[in-house]
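We number each residue from 1, following the sequence as shown.
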Amino acid sequence: MLSNKVESKLYIYTINMLVQEEKGMADPIPLNQHFVLVHGICGGGWCWYKLQCLMENSGFKVSCIDLKSAGIDQTDADSLHSFDDYNQPLMDFLAALPQNEQVILVGHSAGGLSVTQACHKFAKKIRLAVYVAATMLKLGYWTDQDLKDGVPDLSEFGDVYQLGFGLGQDKPPTSALVKKEFQRNIFYPLSPPEDSTLAGMLMRPGPILALTSARFKEEGEVEKVPRVYIRTRHDSVVKPEQQEAMIKRWPPLSVYELDSDHSPLFSTPFLLFGLLLKAAAFDVGTNFETRPPS
């Protein structure tokens, strides 16, 4: 059986061949890429452990961010009432990058909101923004349509949420966590059971009040950041019709698709890795005016 490192090298070689054929170029995917990976609600940097291993074994630099109240960050989700506060770790990370360094920013699920805010604030530091089954709304949540397209509707599964009321029982909930008995069927139906077990041990309440307050003003150079969307065909969280609606409203440069559940980080890590490499080679630096969305 091949080691993960050898498998990674073989995989990157195959992707290189495909990209070179498609681009008509002989240059391989550069290994000096820096990938910054942003988790969704209730997750943490730990969600990316498979991708981080594949990428680092292939020679890429990888940073996995813990947003506030996630991963090892000890902030109480019920104390977070603004998106700016929740997303501050990513903003601080990008602000601290050297002026001439650019990253490929990848967001999963609600992490798409974090990526979009970063594109508004730090466009010059982002070579490519990748949305993986993610909320992709140019200005965040301003209208009912934004909420319909970008907020998961899990009502078909019944009473799935464990809610927190940091502002009082008579006020809107401030945090939410899907009850453990529902997590596998909703998030990880096609993922290995050991990954859903690990996630059940590590998931923490997410600051839903802070997330739904995400609103961005159109300023800066957000449209200059190339964007790619990776659809997930069997997604029960950000459903395919929601993904399609967001793609149509704010068309990205390219659209790829995975035959996965909501968590390709667990269910199809090699395929996700391959698409990220393809996007890094083919979509970075491509002019929006010369190449329409696929």
Donor-acceptor pairs are to be reported for all side-chain atoms of residues 166-175 against protein atoms at under 3.5 Å, with residues two or more places apart or in another chain.
from : atom 1 : to   : atom 2 : distance (Å)
T174 : OG1    : D78  : OD1    : 2.6
T174 : OG1    : G164 : O      : 3.2
T174 : OG1    : G166 : N      : 2.7
S175 : OG     : D78  : OD1    : 2.7
S175 : OG     : G164 : N      : 3.4

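N185 is linked by a side-chain hydrogen bond (donor to acceptor under 3.5 Å, both in side chains) to nothing, counting only residues two or more places apart in sequence or in another chain. With sequence neighbours left out, the side-chain hydrogen bond (donor to acceptor under 3.5 Å, both in side chains) criterion links T212 to no other residue. With sequence neighbours excluded, the residues that form a salt bridge (Lys or Arg N to Asp or Glu O under 4.0 Å) with R233 are E257, D259. Partners of E218 under the salt bridge (Lys or Arg N to Asp or Glu O under 4.0 Å) rule, at least two apart in sequence or in another chain, are K138. Every residue two or more places apart in sequence or in another chain that forms a ring pair (Phe, Tyr, Trp, His ring centres under 6.0 Å) with F35 is listed here: F60. The salt bridge (Lys or Arg N to Asp or Glu O under 4.0 Å) search around D195 returns K50, not counting sequence neighbours. With sequence neighbours excluded, no residue forms a side-chain hydrogen bond (donor to acceptor under 3.5 Å, both in side chains) with W46. Applying the side-chain hydrogen bond (donor to acceptor under 3.5 Å, both in side chains) test to D76 and every residue at least two apart in sequence or in another chain returns nothing.
Using a 4.5 Å cut-off between side-chain heavy atoms of Ile, Leu, Val, Met, Phe, Trp and Tyr, with links allowed through other members, L190 and V238 fall into different hydrophobic clusters. Under the 4.5 Å side-chain heavy-atom criterion for grouping Ile, Leu, Val, Met, Phe, Trp and Tyr, L275 is connected to I104 within one hydrophobic cluster. In the hydrophobic clustering of ILVMFWY residues, with side-chain heavy atoms under 4.5 Å counting as a link, V228 and F282 come out together.
Between atom CG of residue N87 and atom NZ of residue K121 there is a gap of 10.5 Å, rounded to the nearest 0.5 Å. Distance check, rounded to the nearest 0.5 Å: OG of S58 to CZ of F273 gives 3.5 Å. To the nearest 0.5 Å, atom CD of residue E221 and atom CD1 of residue I126 are 11.5 Å apart. To the nearest 0.5 Å, the span separating CD1 on I230 from OG on S254 amounts to 10.5 Å. In this structure, SG on C119 lies 14.0 Å from NZ on K224, to the nearest 0.5 angstrom. In this structure, the separation between CE on M136 and CG on L113 is 11.5 Å, given to the nearest 0.5 Å.
A donor-acceptor distance shorter than 3.5 angstrom exists from the side chain of Q243 to the backbone of T232, with no hydrogens or angles considered. In this structure a side-chain-to-backbone donor-acceptor pair under 3.5 Å is present from R227 to P251. A donor-acceptor pair is defined here as one N or O able to donate and one able to accept, closer than 3.5 Å; such a pair exists between the side chain of Q74 and the backbone of I72. In this structure, D66 contributes its side chain and G44 its backbone to no donor-acceptor pair below 3.5 Å. Side-chain atoms of K125 come within 3.5 Å of backbone N or O of L94 as a donor-acceptor pair.
Between H108 and W48, the ring planes are perpendicular. Angles over 60° get that label, and only those under 30° would be called parallel. Ring geometry, H39 versus Y86: the interplanar angle exceeds 60°, so the pair is classed perpendicular (tilted spans 30 to 60°).
Shortest non-hydrogen contact noted between Q242 and V237 is OE1-O, 3.4 Å. Between P264 and V132, the shortest heavy-atom distance links the atoms CG-CG1, 3.7 Å. Shortest non-hydrogen contact noted between Q52 and C64 is OE1-SG, 3.6 Å. The nearest pair of heavy atoms linking D235 to H262 is OD2-ND1, 2.8 Å. Closest of all the heavy-atom pairs between L80 and A210 is O-CB, 3.8 Å. Minimum interatomic distance between S191 and R184 (heavy atoms only, all atoms of both residues): O-NH2, 2.8 Å.
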- Task: List the steps, then state whether side-chain contact (heavy atoms from CB on, under 4.5 Å) holds for L137 with W250.
- Result: CA-CA 7 Å; L137 299 168; W250 193 26; over 6 Å; no
- Message: With side-chain contact (heavy atoms from CB on, under 4.5 Å) as the criterion, how do K179 and V160 come out once you've worked through the C-alpha distance, each side chain's angles and the decisive distance to 0.1 Å?
- Response: CA-CA 6 Å; K179 297 172 184 175; V160 302; 5.8 Å; no
- Start with the C-alpha gap between M203 and K180, add the side-chain angles, then the distance that decides, and say whether side-chain contact (heavy atoms from CB on, under 4.5 Å) holds. CA-CA 9 Å; M203 287 175 72; K180 188 163 290 191; over 6 Å; no
- Under the side-chain contact (heavy atoms from CB on, under 4.5 Å) rule, what do L276 and L51 come out as? Steps first, then yes or no, please. CA-CA 10 Å; L276 292 176; L51 265 294; 4.0 Å; yes
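Looking at R249 and D146, a side-chain N of the basic residue comes within less than 4.0 Å of a carboxylate O on the acidic one, giving a salt bridge. Using a cut-off of 4.0 Å between Lys/Arg side-chain N and Asp/Glu carboxylate O, D153 and K239 are scored as not salt-bridged.
Side-chain atoms of S82 and D84 form no donor-acceptor pair, as typed in the model, at a separation below 3.5 Å. For the residue pair Y131/T116, the side-chain donor-acceptor check at 3.5 Å is satisfied. The closest side-chain donor-acceptor pair between H34 and S63 falls under 3.5 angstrom. Residues D261 and H234 bring no donor and acceptor atom of their side chains to less than 3.5 Å of each other.
For residues 198-233, the set of pairs meeting the ring pair (Phe, Tyr, Trp, His ring centres under 6.0 Å) definition, not counting sequence neighbours, comprises F83-F216, H120-F216. Sorted pairs that involve residues 157-186 and meet ring pair (Phe, Tyr, Trp, His ring centres under 6.0 Å), not counting sequence neighbours, are lacking altogether.
Within a 6.0 Å sphere centred on CG of D144, other residues, nucleotides and ligands contribute 12 heavy atoms or fewer. Taking a 6.0 Å sphere around NZ of K124, one finds it holds 12 or fewer heavy atoms contributed by other residues, nucleotides or ligands.
Under the 4.5 Å side-chain criterion, counting only non-hydrogen atoms from C-beta, C42 is not in contact with V178. In this structure, the side chains of P240 and R231 stay at 4.5 Å or more apart for every pair of heavy atoms. S267 is listed as a side-chain neighbour of S260, based on a closest heavy-atom distance under 4.5 Å.
Among the candidates V130, L105, L90, the single residue satisfying the side-chain contact (heavy atoms from CB on, under 4.5 Å) test with V115 is L105. Just one residue in the list V38, L211, I41, D73 forms a side-chain contact (heavy atoms from CB on, under 4.5 Å) with L67, and that residue is V38.
Here L139 is tied into one hydrophobic group with W142, each link being a pair of ILVMFWY side chains closer than 4.5 Å.
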